[in-house]
Amino acid sequence: MRTFCAWAAVLLVLTGCHTAEPDLTEYASGPAEVPLEILGEMDEATREALIGEPKYVALTFDDGPRPGTTDRLLDGLLERDAAATFFVIGEQVRGNEALLRRMAAEGHQIGNHTYSHVRLLKMEKDAVVEEVHKAEVTLEAAVGKRDFWLRPPYGGIDAARAAQIRTPMVYWSVDPQDWKLLDAGKVVEAVTGCVQPGDIILLHDFYPTSVDAALEIVDRLQGAGYTFVTVEELFRIQGVEPQPGTLYARPGKVRELP
């Protein structure tokens with residue numbers, strides 16, 4: 001319906017005609033295609049605006065949940081109809097179960113960021129399994145059984161330890177180092193200045209400045225035609241089947257492990 005109305009409006013501009021409002025009854029359901037003869041008369045920018053590929057991006061948050069920041073972030077995402085993925089530390093769950101249930105109810109993806117945010121590369125392999133499993137059990141108690149994809153703390157894991165992980169693992173392709181900058185404006189510019197469709201953006205819902213930056217990023221990128229989806233949705237949209245124990249920087253781009 002929106003597509004038909006868009007090319008109809010362009011046709012009026014091109015012809016200089018002003019007609020009575022058309023009968024749109026037959027277009028009440030189902031997608032409408034722009035006729036080729038009209039597309040041929042449009043400039044390239046107009047054609048792209050009408051039939052260009054959708055631009056999807058995944059916003060991800062580490063180290064939460066945290067009262068006062070995560071709930072404010074959820075409020076802002078809900079207002080903007082934007083989905084995100086939260087990689088949760090198991091130790092942060094106790095007392096914040098309501099925040100996790102809200103994430104799940106509002107369509108966000110919940111991921112595993114280990115139980116105590118330890119460097120997995122420094123742990124024995126059996127201890128790595130226990131650290132991940134303990135967080136998984138804690139998350140299940142809060143929101144029920146589901147696939148909790150893993151983001152290793154600091155993005156660090158090797159092939160031997162990754163072989164024991166039973167879910168896909170998520171790295172990132174855009175990292176503005178919001179934890180270091182602690183400046184919303186600089187974080188916004190760092191992300192919007194380099195983001196591309198299909199990117200996975202790393203932020204932290206632990207810092208007020210990061211929440212401010214995240215909502216401004218959503219506003220700017222939505223204005224540029226981006227749609228915010230979960231990491232799981234991003235893989236599905238791009239037709240990539242994620243594999244357990246594989247660390248992805250973005251769909252289709254695997255991060256090599258030592």
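The model shown is predicted, which means the values in this text are computed figures rather than measured ones.
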For [X] against [Y], the heavy-atom pair lying closest together:
X    : Y    : answer
P65  : L100 : CG-CD1, 3.3 Å
P242 : P168 : CB-CG, 3.7 Å
L120 : R161 : O-NE, 3.1 Å
C194 : D199 : O-OD2, 4.1 Å
P197 : R250 : O-NH2, 2.7 Å
V231 : T85  : N-OG1, 3.0 Å

Below 4.0 angstrom, N of the basic side chain to O of the carboxylate: do [X] and [Y] qualify?
X    : Y    : answer
D158 : K125 : no
R220 : E189 : yes
K134 : E130 : no
D175 : K180 : no
R66  : D205 : no

Under 3.5 Å: donor-acceptor pair, side chain of [X], backbone of [Y]:
X    : Y    : answer
Q109 : E232 : yes
E106 : M103 : no
Q243 : E241 : yes

[atom2] on [Y] to [atom1] on [X], rounded to 0.5 Å:
X    : Y    : atom1 : atom2 : answer
N112 : E131 : CG    : CD    : 8.5 Å
R146 : E140 : CZ    : CD    : 10.0 Å
T227 : I237 : OG1   : CD1   : 8.0 Å
L234 : T60  : CG    : OG1   : 11.0 Å
H113 : D63  : NE2   : CG    : 4.5 Å
L99  : F86  : CG    : CZ    : 9.0 Å

Are [Y] and [X] connected in a single hydrophobic cluster, I mean Ile/Leu/Val/Met/Phe/Trp/Tyr linked by side-chain heavy atoms less than 4.5 Å apart?
X    : Y    : value
V229 : I217 : no
F148 : F87  : no
V88  : I200 : no
V187 : W179 : no
Y56  : L59  : no

Going through the checks in order, is the side chain to side chain contact (heavy atoms under 4.5 Å, CB included) test met by V195 and Y226?
-> CA-CA 10 Å; V195 70; Y226 280 84; 4.1 Å; yes
Kindly write out the residues that satisfy ring-ring contact (aromatic ring centres under 6.0 Å, His included) with Y248, not counting sequence neighbours, or none if the list is empty.
-> F235
Do the side chains of [Y] and [X] get nearer than 4.5 Å, heavy atoms only?
X    : Y    : result
L202 : V174 : no
L77  : R72  : no
L215 : R80  : yes
V132 : Q164 : no
T209 : D183 : no

State yes or no: are the ring centers of F61 and H204 separated by less than 6.0 Å?
-> no
Validation row, ring centre Y115 to ring centre H133 under 6.0 Å | no
Identified side-chain contact (heavy atoms from CB on, under 4.5 Å) partner of L150 from the options V170, T114, L247 | T114
Can you list the steps and then say if I201 with L203 is a side chain to side chain contact (heavy atoms under 4.5 Å, CB included)?
-> CA-CA 7 Å; I201 303 168; L203 292 170; 4.3 Å; yes
Step through the shown structure and confirm whether more than 12 heavy atoms of other residues, nucleotides or ligands are within 6.0 Å of CG on D81.
->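 Result for CG/D81: open.
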With a cut-off of 6.0 Å (strictly less than), are more than 12 heavy atoms of other residues, nucleotides or ligands near NZ of K186?
->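 No, NZ of K186 has 12 or fewer neighbouring heavy atoms, counting only those of other groups under 6.0 Å.
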Yes or no on side chain to side chain contact (heavy atoms under 4.5 Å, CB included) for M123 and V118, after CA distance, side-chain angles and deciding distance?
-> CA-CA 8 Å; M123 303 182 72; V118 293; 3.1 Å; yes
W149/M169 under side chain to side chain contact (heavy atoms under 4.5 Å, CB included): CA gap, chis, key distance, verdict | CA-CA 6 Å; W149 294 15; M169 299 186 296; over 6 Å; no
Give every donor-acceptor pair under 3.5 Å between a side-chain atom in residues 251-258 and any protein atom, sequence neighbours left out.
unit_1, atom_1, unit_2, atom_2, d
R255, NH2, Y171, OH, 3.2

In sequence, state the C-alpha distance, the side-chain angles, and the governing distance for D147 and T167, and then conclude on side-chain hydrogen bond (donor to acceptor under 3.5 Å, both in side chains).
-> CA-CA 7 Å; D147 290 330; T167 66; over 6 Å; no
